[in-house]
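Since we're looking at a predicted model, the values are computed, not measured. All values below come from the heavy atoms of this structure, side chains included, with hydrogens, waters and symmetry mates left out.
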Amino acid sequence: MQTSDSIIIIPTYNEKENIENIIRTIFKLEKYFHILIIEDNSPDGTADIVRRLQQEFPERLFMIERKGKLGLGTAYITGFKWANEHKYDYIFEMDADFSHNPNDLPRLYKACHDEGGDVAIGSRYISGVNVVNWPMGRVLMSYFASKYVRFITGLPIHDTTAGFKCYRREVLETIPLDKIRFKGYAFQIEMKFTAYKCGFKIIEVPVIFINRELGTSKMNSSIFGEAVFGVIKLKWDSWFRKYPSKIKN
């Protein structure tokens, strides 16, 4: 069995159009990655496709099947715990729909492995607005939401809602994962904010975000609303909460 220091966590719900292509594309990269699918009982047969591919890639492709659609945040928490137990040094978050370019994975890895980052973020907004095929209204909503979150929380990050990330295992061992409260896009904000408050170094890597071509977006107004209004509570609670310190090696 060829081991890897890196695993990519991909949550799925109704991604039959994309899942095989994204897995094969990642496995063609020069950097040797493992993949963990967190599959939320998709009625479209996504899990069947993954099981078939596991026969082809038994030592690289893993899947946790859950009973239903339980939220993006809980999917990643499940994956983080699994990755920590299996001692991966670098743990990635990535969408299945190619909005996150697999070719950027080695760049995120380099930011943590070679450049001293504890968290690397694939940032849409660090060098302008790098979003393709989004309606202008959604671009503006996302961009100004990140500005708003940065203003409220004080996070020194341009893309506060980004979901394309690499963590060092130390980060996910330090953050009390069972205390992360949000399940939607506010989960992404809470994880960055908590890592920052724990003293970890966050690096933004400029990427181009391309809106999905196949399948259906999971974004809706309630998810976005959680991200906008949840940060006020996040900031308020931070005044009274003691955060664990970064583990010193």
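- Aromatic ring pairs are classed by plane angle as parallel below 30°, tilted from 30° to 60° and perpendicular above 60°; the pair Y88 and W82 is parallel.
- Ion pairing between R66 and D40 holds under the 4.0 Å rule for side-chain N and carboxylate O.
- Contact between F193 and L155 at its shortest, heavy atoms only, is CA-CD2, 3.9 Å.
- Here the CG atom belonging to N18 is positioned 10.0 Å from the CG atom belonging to D95, to the nearest 0.5 angstrom.
- Between F92 and Y109, the two ring planes are parallel [angle under 30°; tilted spans 30° to 60°].
- By the 6.0 Å and 45° rule, R168 does not stack over the aromatic ring of F200.
- With contacts defined as side-chain heavy-atom distances shorter than 4.5 Å, the pair R24/L53 qualifies.
- For the pair R181 and D237, the salt-bridge criterion is met [side-chain N within less than 4.0 Å of a carboxylate O].
- Contact record, Y196 with P156: CE1-CD, 3.5 Å, taken as the closest heavy-atom pair.
- Electrostatic pairing of K192 and D159 does not count as a salt bridge here, judged by no charged N lying under 4.0 Å from a carboxylate O.
- Salt-bridge annotation for K31 and D5: present, with a side-chain N of the basic residue lying under 4.0 Å from a carboxylate O of the acidic one.
- By the neighbour-count criterion of 12 heavy atoms within 6.0 Å, atom OH of Y32 is densely surrounded, having more than that number from other residues, nucleotides or ligands.
- Using a 4.5 Å heavy-atom threshold, the side chains of Y90 and L108 count as separate.
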